[in-house]
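Right, one structure below, let's go through it.
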Amino acid sequence: MIVQQLNRSGSNRKTMIIAIGTENKAKLSAVEQAFKHLAAYSSIKFEGISAPSLVSEQPFDDEETLLGAINRASFAQQSINASIGIGLEGGVVETSNGLYICNWGALCDPLLPEPITAGGARLRLPDQVAEQLREGRELGPVMEEFSQKKEIRQREGAVGLFTNERVTRAAMFSHIVTLLIGQWEYKRTN
């Protein structure tokens, strides 16, 4: 939904409503940062929405993590009839080299036939963290214990801790959102 608003001078300006399927500060920041370049709209309104992923609390493969992102994007967009919905989901993937974090994003536009998706960075988790996840724990609480920091998933995340904050959780998700925006712009113009 693109809302036409009148500014003080009486001219029309477009407002784009972007529903983000989370209330997580790092993810909200990632979306806002990625959309800063979108000059076609003089106003963008971001709305963080508590959206269900409908997957495990700790997704354990790419497919489940991707599905969580799609579910969050779709729910967010439909819940407020937004212009688009964005969903971001973090998970882990088991490989022969160890357990890696994985991250997926989805963008739902009611004018497109299917969600747009993109994946992000991979980073091997230390064995002492990986073992706890294999035992059924969720990464967020494990990282709080490991790092002795509260609400780490709201700030730098595991990726920030293990990269000495060269890449934060917001920066990692911002990259994914940028990939989504680029695909969305392409699909809308071609």
Side-chain angles (χ1 to χ4, degrees), residues 1-7 9-55 59 61-93 95 100-123 157 159 166-190:
M1 154 176 69
I2 297 175
V3 179
Q4 293 292 324
Q5 293 183 337
L6 292 176
N7 64 21
S9 67
S11 63
N12 284 332
R13 66 179 187 153
K14 298 177 191 177
T15 299
M16 179 179 200
I17 310 297
I18 299 174
I20 309 164
T22 188
E23 293 176 333
N24 179 283
K25 293 174 188 172
K27 292 179 181 181
L28 293 171
S29 175
V31 174
E32 291 178 17
Q33 289 298 315
F35 272 93
K36 279 190 173 190
H37 80 285
L38 204 58
Y41 297 90
S42 58
S43 178
I44 298 176
K45 180 181 177 198
F46 299 95
E47 185 77 34
I49 295 168
S50 179
S53 68
L54 305 177
V55 298
D61 63 27
D62 279 314
E63 292 298 321
E64 186 178 20
T65 309
L66 175 58
L67 181 59
I70 292 169
N71 290 341
R72 288 181 192 276
S74 178
F75 180 90
Q77 188 280 318
Q78 292 176 20
S79 69
I80 63 168
N81 193 28
S83 307
I84 60 173
I86 302 281
L88 300 169
E89 188 76 18
V92 294
V93 174
T95 74
Y100 283 74
I101 60 169
C102 71
N103 302 277
W104 285 92
L107 184 153
C108 289
D109 179 335
L111 302 177
L112 295 177
E114 62 187 21
I116 296 167
T117 58
R122 307 285 180 151
L123 181 89
V159 70
R166 288 186 178 268
V167 178
T168 63
R169 191 167 198 228
M172 179 184 61
F173 276 121
S174 183
H175 176 75
I176 294 170
V177 177
T178 300
L179 291 170
L180 296 172
I181 293 168
Q183 292 178 83
W184 175 68
E185 290 171 332
Y186 176 82
K187 289 180 185 232
R188 292 289 304 264
T189 59
N190 290 301

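Heads up: numbering here begins at 1 and tracks the sequence.
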**Report entry** For Lys187, all residues meeting salt bridge (charged side-chain N to carboxylate O under 4.0 Å, His left out), sequence neighbours excluded
**Finding:** none

Query raised in the report: Does the side chain of Val31 come within less than 4.5 Å of Lys27's, by heavy atoms?
Result: no

Query raised in the report: Can any side-chain N or O of Ser79 pair as donor or acceptor with the backbone N or O of Phe75 at less than 3.5 Å?
Result: yes

Report task. Give, for atom CD1 of Ile84 and atom CD1 of Ile116, the distance between the pair rounded to the nearest 0.5 Å. Result -> 8.5 Å

Report task. Quick one: closest heavy-atom pair of Ala73 and Cys108, and the distance? Result -> CB-SG, 3.8 Å

Query - Thr178 (side chain) donor-acceptor with Ser174 (main chain) under 3.5 angstrom - result: yes

Report task. Give the minimum heavy-atom separation between Ala170 and Ala30, together with the two atoms involved. Result -> O-CB, 3.2 Å

Report task. Could you grab the distance from atom OG of Ser43 to atom CD1 of Ile17, nearest 0.5 Å is fine? Result -> 7.5 Å

Query raised in the report: Taking only residues two or more places apart in sequence or in another chain, which ones pass salt bridge (charged side-chain N to carboxylate O under 4.0 Å, His left out) with Glu47?
Result: Lys45

Query - Spacing of CD1 belonging to Ile86 relative to CD1 belonging to Ile49, to within rounding of 0.5 Å - result: 12.0 Å

**Report entry** Residues in side chain to side chain donor-acceptor pair (under 3.5 Å) contact with Gln183, at least two apart in sequence or another chain
**Finding:** none

Query raised in the report: Can a donor-acceptor pair be found between the side chains of Gln33 and Ser29 at a distance below 3.5 Å?
Result: no

**Report entry** Side-chain donor or acceptor of Gln77 paired with backbone N/O of Ala82 under 3.5 Å
**Finding:** yes

Report summary line: Of all heavy-atom pairs linking Gly119 and Leu179, the shortest is O-CD1, 3.7 Å

Report task. Sequence neighbours left out, what pairs pass side chain to side chain donor-acceptor pair (under 3.5 Å) with at least one residue falling in residues 105-119? Result -> Asp109-Trp184, Asp109-Arg188

**Report entry** Interatomic distance, Leu66 atom CG to Asn103 atom CG [nearest 0.5 angstrom]
**Finding:** 12.0 Å

**Report entry** Ile101 CD1 to Thr65 OG1 distance, which is reported to the nearest 0.5 Å
**Finding:** 11.0 Å

**Report entry** Non-neighbouring partners of Thr95 that pass side chain to side chain contact (heavy atoms under 4.5 Å, CB included), sequence neighbours left out
**Finding:** Val93, Asn97, Tyr100

Query raised in the report: Tell me the salt bridge (charged side-chain N to carboxylate O under 4.0 Å, His left out) pairs involving residues 65-89, sequence neighbours left out?
Result: Arg72-Glu89

Query raised in the report: Say you draw a straight line from CG of Leu67 to CH2 of Trp104; how long is it, rounded to the nearest 0.5 Å?
Result: 12.0 Å

